[in-house]
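Quantities reported herein were computed from a predicted structural model and do not represent experimental measurements. We name chains A, B, ... by the order of the sequence lines, and we start the count at 1 in each one.
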Amino acid sequence: MLQQTPVARVLPVWQEWLRRWPAPADLAAEPPGEAVHAWGRLGYPRRALRLHAAAVAIVADHEGAVPSTEAELLTLPGVGTYTAAAVATFAFGERTTVVDTNVRRVLARVVEGREYAAPSPTRAELDVAAGLVPEHPASARTWSVAVMELGALVCTARAPRCEDCPVASLCAWRLAGRPAHDGPPRRGQAWEGTDRQLRGILLAALRDANSPVSRGTLEALSDNEIQRERCLDSLVADGLVEPLDGDRFALPGRRAG
DNA sequence: TAATCGTGGGC
DNA sequence: TGCCCAAGATT
């Protein structure tokens, strides 16, 4: 849930999920559409599908218990390098290298002297991060929590609070006078008129409905027939939408809407 | 590897 | 006000 999504927005949804599905087996027993529905407006709804698939895999391959090692976690749907490392160390105490957007920004500033990290993690960057992790697993875990929190609360993207920073005295970026980002402008994500936008609109209609939705209802949501069909097809291909008989659509396995 | 994939709050 | 970006993963 936290992937590319602010913590504050995740919290209420996360709590409701854990109330409703306390164990992986509870979620795995549901049709995937229930997960998509309970995802609400968190965004990137394929994550809901993958979280459900991860629950299914945990039941099928791990006797219903979340695996405790980074390597095993990496095999789960929707779990990549960051999530596997974070869960392995924060939940299970394994010594890992946790590199999220906060860690990347902190290290870019403190070590490299740049305002922002590169668009995607570089080999050198990951090596730097790995080299800073303490040897002792418990210390490594504390280190990762600390660097992430520093990035989230103090060394923020927009208005960093250097005056409150415990490592201000050794921060290369601050010592260099906090130079602004130079190089090619960082690419913003286009939005208006994109497939992403329309997919969101279509899925929201299905999520908010109390019963399967007719094709006509979906057609009313966009005049662009080509794009509309492409988006509907892609939602079906992703497994986020299930076509039913009678030219109707619903969240997968969720006939009640 | 670069492109794709949602949403909403803060500045 | 629009723009930026948020505990990334996948193909």
Side-chain angles (χ1 to χ4, degrees), chain A residues 1-14 35-37 39-54 57 70 73-91 96-108 115-123 125-126 129 141 143-161 180-181 184-208 221 227 230-241:
Chain A
M1 288 176 175
L2 290 165
Q3 293 164 4
Q4 295 284 285
T5 306
V7 176
R9 197 181 315 161
V10 164
L11 281 176
V13 180
W14 171 71
V36 176
H37 186 260
W39 195 253
R41 303 187 64 80
L42 275 186
Y44 292 148
R46 289 190 290 198
R47 293 181 297 167
L49 233 36
R50 291 178 183 140
L51 195 45
H52 178 270
E70 184 176 25
L73 287 161
L74 265 177
T75 69
L76 297 174
V79 176
T81 54
Y82 159 71
T83 305
V87 172
T89 192
F90 298 150
T96 64
T97 302
V98 178
V99 180
D100 78 326
T101 187
N102 293 298
V103 173
R104 296 189 61 224
R105 184 178 54 254
V106 168
L107 297 187
E115 184 179 16
Y116 298 119
S120 59
T122 63
R123 182 69 255 170
E125 192 183 331
L126 297 177
R141 178 167 175 267
W143 167 262
S144 290
V145 174
V147 180
M148 283 183 66
E149 289 295 294
L150 184 63
L153 302 178
V154 176
C155 191
T156 56
R158 295 196 187 77
R161 303 167 52 190
H181 169 80
R186 302 190 298 158
R187 252 210 139 23
Q189 307 158 331
W191 179 245
E192 201 57 38
T194 59
D195 282 10
R196 234 157 149 177
Q197 181 187 38
L198 184 52
R199 280 170 55 106
I201 291 169
L202 293 170
L203 196 64
L206 293 166
R207 203 175 49 228
D208 298 342
L221 298 174
Q227 185 187 32
R230 181 174 67 238
C231 287
L232 191 51
D233 285 348
S234 73
L235 287 169
V236 172
D238 285 347
L240 285 164
V241 171

Q: Round to the nearest Å and state the distance from A:Leu2 atom CG to C:dA9 atom C1'.
A: 14 Å

(Q) What is the distance, to the nearest angstrom, from the CZ atom on A:Arg104 to the P atom on C:dA6? (A) 10 Å

Q: Measure the shortest side-chain to side-chain distance between A:Leu49 and A:Leu240 over non-hydrogen atoms and say whether it is less than 4.5 angstrom.
A: yes

Q.
Please compare A:Pro6 and A:Leu76 by the position of their nearest nucleotide in DNA chain C and report the one closer to 5'.
A. A:Pro6

Q.
Need one value for A:Thr81: base, sugar-phosphate or nothing, where a base atom within 4.0 Å counts as base even if backbone is also close, heavy atoms only.
A. sugar-phosphate

**Q.** Whole angstrom value for the distance that separates C1' of B:dC5 from CD of A:Gln197
**A.** 14 Å

(Q) Within the 4.5 Å heavy-atom criterion, are A:Val79 and A:Val87 side-chain neighbours or not? (A) no

Q) Starting at CG of A:Leu49 and ending at P of C:dG8, how long is that distance when rounded to a whole Å? A) 20 Å

Q | Under 4.0 angstrom between A:Gln3 side-chain N/O and C:dG8 OP1 or OP2 | A | no

Q. What nucleic acid atoms does A:Phe90 come within less than 4.0 Å of, heavy atoms only: base, sugar-phosphate, or nothing?
A. nothing

Q) A:Ala157 near the nucleic acid: base, sugar-phosphate alone, or nothing, with a heavy-atom cut-off under 4.0 Å? A) sugar-phosphate

Q. Looking only at heavy atoms, which two atoms of A:Arg104 and A:Val99 are closest? And how far apart?
A. CG-CG1, 3.3 Å

Q) Rounded to the nearest Å, what distance is computed from the CZ atom of residue A:Arg161 to the P atom of nucleotide B:dC11? A) 11 Å

Q.
What contact category does A:Arg105 fall into here, base, sugar-phosphate, or nothing, at under 4.0 angstrom with non-hydrogen atoms?
A. sugar-phosphate

Q: Mind checking A:Pro119 for me? I need base, sugar-phosphate or nothing, with any heavy atom below 4.0 Å counting as a touch.
A: nothing

(Q) Among C:dG8, C:dC5, B:dT7, which nucleotide has an atom closest to any side-chain atom of A:Thr101? (A) C:dG8

Q. Over how many whole Å does the gap from A:Leu202 atom CG to B:dC5 atom P extend?
A. 13 Å

Q) A:Arg161 side chain to A:Val154 main-chain N or O, any donor-acceptor pair under 3.5 Å? A) no

Q: By nearest nucleotide on DNA chain B, pick out whichever of A:Gly200 and A:Ala159 is the more 5' one.
A: A:Gly200

Q. Starting at CE of A:Met148 and ending at P of C:dA7, how long is that distance when rounded to a whole Å?
A. 8 Å

Q) Contact class for A:Glu192 vs. all strands (heavy atom < 4.0 Å): base, sugar-phosphate, or nothing? A) nothing

(Q) Using a 4.0 Å heavy-atom cut-off, does A:Thr194 contact any base of the nucleic acid, only the sugar-phosphate backbone, or nothing at all? (A) nothing

Q) Side chains of A:Asp195 and A:Leu198: does their closest heavy-atom pair fall under 4.5 Å? A) no

(Q) Is the phosphate of C:dA9 approached by A:Arg47 (side-chain N or O, under 4.0 Å from OP1 or OP2)? (A) no

**Q.** Separation of B:dT4 C1' from A:Gln4 CD (nearest whole Å)
**A.** 12 Å

Q: Kindly say if A:Arg9 contacts the phosphate of B:dG9, meaning a side-chain N or O under 4.0 Å from OP1 or OP2.
A: no

Q.
Tell me whether the side-chain N/O atoms of A:Ser120 come closer than 4.0 Å to OP1 or OP2 in B:dT1.
A. no

(Q) For a quick check of understanding: with a heavy-atom distance under 4.0 Å over all strands, which category does A:Thr5 fall into, base, sugar-phosphate or nothing? (A) base

Q. For atom P, what is the distance between C:dA7 and B:dC11, given to the nearest Å?
A. 14 Å

Q.
So A:Gly80, base contact, sugar-phosphate only, or nothing? Heavy-atom distance under 4.0 Å.
A. sugar-phosphate

Q: Would you mind classifying the nucleic acid contact of A:Leu42 as base, sugar-phosphate or nothing, using non-hydrogen atoms under 4.0 angstrom?
A: base

Q. Looking at A:Tyr44, does any N or O in its side chain come under 4.0 Å of the phosphate oxygens OP1/OP2 on B:dT4?
A. no

Q: Taking only the side-chain heavy atoms of A:Arg196 (C-beta and beyond), determine which of C:dT10, C:dA6, B:dC5 contains the nearest atom.
A: B:dC5

Q | Side chain proximity check, A:Tyr44 to A:Gln3, heavy atoms < 4.5 angstrom | A | no

Q: Describe the nucleic acid contact of A:Arg158 in one word from base, sugar-phosphate, nothing, applying a heavy-atom distance below 4.0 Å.
A: base

Q. Distance between the C1' atoms of B:dT1 and C:dA9, in whole angstroms?
A. 14 Å

(Q) Are the side chains of A:Val147 and A:Asn102 in contact, using a 4.5 Å heavy-atom criterion? (A) no

(Q) Using a heavy-atom cut-off of 4.0 Å across all strands, would you classify A:Val79 as base, sugar-phosphate, or nothing? (A) sugar-phosphate

Q: Could you give the distance separating C:dC5 and B:dG6 at their C1' atoms, to the nearest angstrom?
A: 13 Å

